[in-house]
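None of these values were measured; they are calculated from a predicted model. Naming: A, B, ... by sequence-line order, numbering from 1 per chain.
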There are 2 protein chains.
Amino acid sequence: MSDSGLNERASLLLKALVERYIRDGQPVGSRTLSRESALEVSPATIRNVMADLEELGLVASPHTSAGRIPTAAGLRVFVDGLVTVKPLQRKIAEEIETSFAEPVDSSQELVTNASKLLSQVTHLAGVVTMPRSTHAQLRQIEFLPLSGNRVLAIIVVNSREVQNRILNLDRHYTESELRQAANYLTEQFSGNEVDDVRDRLIDELKQARQSMNSMMLNAISMAQRAFEQGEKEDCVIAGKTNLMDIAELSDVEKLRQLFEVFNRKRDILHLLDQSSSAEGVQIFIGKESGYAPLNECSVVSAPYAVDDEVLGVLGVIGPTRMAYERVIPIVDVTARLLGKALKTG
Amino acid sequence: MSDSGLNERASLLLKALVERYIRDGQPVGSRTLSRESALEVSPATIRNVMADLEELGLVASPHTSAGRIPTAAGLRVFVDGLVTVKPLQRKIAEEIETSFAEPVDSSQELVTNASKLLSQVTHLAGVVTMPRSTHAQLRQIEFLPLSGNRVLAIIVVNSREVQNRILNLDRHYTESELRQAANYLTEQFSGNEVDDVRDRLIDELKQARQSMNSMMLNAISMAQRAFEQGEKEDCVIAGKTNLMDIAELSDVEKLRQLFEVFNRKRDILHLLDQSSSAEGVQIFIGKESGYAPLNECSVVSAPYAVDDEVLGVLGVIGPTRMAYERVIPIVDVTARLLGKALKTG
DNA sequence: TTTTGGCAGTCTGGCACCTAGAGTGCTAAT
DNA sequence: ATTAGCACTCTAGGTGCCAGACTGCCAAAA
């Protein structure tokens with residue numbers, strides 16, 4: 001720790017200041033800091049250091065006779081080098097483990113649970129993106145006839161995911177036609193990855209129009225339509241109400257904007273994607289996220305992976321003065337366990 | 001209108017007062033009311049009438065020198081007899097119709113759209129319960145083998161709904177076993193109503209253990225397990241953020257409680273169920289709902305039905321001073337159209 | 001008997017003012 | 001380099017005051 005161009009004493013004081021500020025959200029004065037920090041220095045000395053830190057843009061005072069609060073830059077320095085990450089509390093570690101021990105029917109459910117878990121243990125908003133279904137092996141395709149020209153396509157992936165698509169087709173297909181098509185497709189493509197299947201379907205449809213019998217052609221065209229709707233990108237946000245307490249957002253208008261961002265999940269998703277290429281826990285403080293409604297918020301996120309391949313991102317959203325030293329390990333271990341849970345699934 | 005034990009003038013004045021109060025949320029004074037109402041009476045006279053209304057508990061003044069605001073009881077009298085319901089604005093009627101004209105894949109989607117629609121046109125929160133799936137005809141059952149002892153049960157209902165259930169069975173079943181079972185069940189029960197099927201399954205399993213071959217027994221037991229998880233009662237709430245504007249809830253704590261109720265949907269569902277036995281639009285004002293977090297809110301709801309059978313309830317949630325004369329017809333027509341849309345589905 | 005004008009009384013909201021408390025910046029001494 | 005001391009600044013909260021908005025009541029008018 002402590003390499004940010006600051007001498008050791010300045011670092012220590014910044015750390016103490018941030019910790020205190022995170023605890024009770026009030027500007028911290030020199031007298032308090034003098035008592036708080038292990039350093040045995042007088043308030044006056046601290047005032048000098050504070051003046052330096054202010055010069056560097058790491059702290060600011062809301063007005064002349066208030067203490068200092070850390071700026072976004074100050075928090076950045078704090079999380080980058082000063083924070084001493086607390087080991088997980090026993091109780092919380094257990095809570096996380098039992099949550100992942102519960103049986104689930106789908107990765108959708110797994111993701112929902114993880115999101116709720118994050119929000120519960122951090123008392124902030126938890127957010128988890130749906131896992132990218134790359135490396136998803138197609139297991140089976142079924143077509144069931146519905147009324148009219150509509151057909152229900154059922155796609156079984158890996159051993160847990162099931163997707164339904166309703167297709168509106170050009171003509172009526174008999175039950176046996178559909179069965180044949182399904183059998184053909186399952187035989188042909190089962191065991192392959194979904195992405196590959198999608199590509200191969202397109203190829204075959206283009207190249208081999210003549211050389212195939214109409215049954216196969218129909219099958220492939222149906223399958224293609226079933227696949228092309230693709231996975232709707234999405235994420236699960238839990239515990240939004242936890243954010244209503246935090247004083248920084250006491251302004252109802254800001255709260256409102258924040259909640260509207262939660263409805264348009266695309267933006268959140270995009271933000272988290274930035275984190276998917278990073279290794280381990282990443283933190284966005286205030287404006288770093290690039291989204292105005294999140295200006296007063298921080299995001300602590302981590303990618304989760306199966307067999308070293310990143311499938312998605314999870315994290316929490318909270319006020320910039322969140323308890324990073326507690327949240328970081330929680331996000332970290334949750335990401336690991338979610339990866340593990342997805343693998344066994 | 002006007003039979004609430006009030007003479008005509010008092011009614012007219014109450015009506016004018018409520019309308020004015022709904023418009024701008026301020027206490028209404030006698031001078032204003034004298035100008036506003038068609039009646040040609042002096043403020044002094046109005047003050048006398050107001051004193052009477054206050055005696056009856058229909059209006060109240062926040063403090064000595066403020067105007068009057070209607071109490072919950074006053075609003076009750078207003079919506080019960082005084083309100084002149086506005087015909088739907090052309091623009092809004094069109095918006096509703098085009099919304100229902102859109103093609104949908106499932107009644108889930110239909111309900112979601114209706115909820116969003118309600119919130120959009122009223123600028124309040126829209127809420128729609130999922131339709132009870134009584135009179136849902138079973139069309140088809142399929143079992144697909146998953147890994148281990150797990151089986152995916154697919155139940156096609158009516159011609160649009162598809163339900164997936166994952167069953168953890170006691171032993172492994174071969175693909176042909178599963179196919180046989182599915183065929184048997186589909187032949188046996190297709191065309192029957194889901195509720196009946198559930199009942200009959202239980203009966204057959206109890207009565208005829210000996211007389212059936214094991215294949216049929218297995219099939220029935222599987223089907224029973226697939227059905228017993230039952231429909232999870234649920235409802236869709238859209239446009240919650242619209243409620244963040246309303247001044248009555250500027251208190252963040254109240255807002256928070258309200259939003260937490262939205263997460264525990266059961267309570268909302270229970271409230272709306274009260275309305276499902278009523279005919280047409282029903283209104284709950286403030287505490288009438290019986291849920292403390294909704295004390296500052298009104299709910300305007302209407303059951304929706306297919307072929308005279310009520311399948312669910314929809315409505316809007318907003319401040320007690322919502323524009324009832326606009327909202328009532330919107331809820332009314334949306335309920336009708338949702339019923340119609342479900343029928344054709 | 002009902003309605004009205006007038007008047008006294010009351011309450012809010014905004015403004016100006018004050019004070020105590022907290023904390024800073026600067027300077028001079030250690 | 002650090003510290004004590006002092007003057008200064010700013011906020012939060014309290015008080016007093018005034019204009020404005022209503023009401024309630026009473027007595028006069030219809």
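- The CD-C1' distance, from B/Glu40 to C/dT2, rounds to 17 Å in whole Å.
- For the segment residues 19-33 of chain B, residues with any heavy atom less than 4.0 angstrom from an atom of DNA chain D are, sorted by number, B/Gly29, B/Ser30.
- Only one option out of B/Val18, B/Ile69, B/Leu14, B/Leu13 pairs with B/Val59 in a side-chain contact (heavy atoms from CB on, under 4.5 Å); it is B/Leu14.
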* Any chance you could lay out the side chain to side chain contact (heavy atoms under 4.5 Å, CB included) test for B/Ile283 and B/Ile328, step after step, and finish with the verdict? => CA-CA 9 Å; B/Ile283 300 178; B/Ile328 290 172; 3.7 Å; yes
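- The backbone N or O of A/Leu272 sits nowhere less than 3.5 Å from a side-chain atom of A/Ser301 that would complete a donor-acceptor pair.
- Checking side-chain atoms of A/Ser34 against main-chain N and O of A/Val41 turns up a donor-acceptor pair under 3.5 Å.
- Taking a 4.0 Å limit (strictly below) on heavy-atom distances, residues 45-69 of chain A reaches DNA chain D at A/Thr45, A/Arg47, A/Asn48, A/His63, A/Thr64, A/Ser65.
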* Give the intermediate values and the outcome of side chain to side chain contact (heavy atoms under 4.5 Å, CB included) for residues A/Asp267 and A/His270. => CA-CA 5 Å; A/Asp267 294 349; A/His270 187 259; 5.6 Å; no
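- Nearest-nucleotide positions on DNA chain D for A/Ser42 and B/Ala44 put A/Ser42 closer to the 5' end.
- Using modelled atom types, one side-chain atom of A/Thr71 and one backbone atom of A/Gly74 make a donor-acceptor pair closer than 3.5 Å.
- For B/Arg9, the side-chain atoms get nearest to C/dT3 when compared with the rest of D/dT3, C/dT3, C/dG5.
- With sequence neighbours excluded, no residue forms a salt bridge (charged side-chain N to carboxylate O under 4.0 Å, His left out) with A/Glu94.
- A donor-acceptor distance shorter than 3.5 angstrom exists from the side chain of A/Ser115 to the backbone of A/Gly126, with no hydrogens or angles considered.
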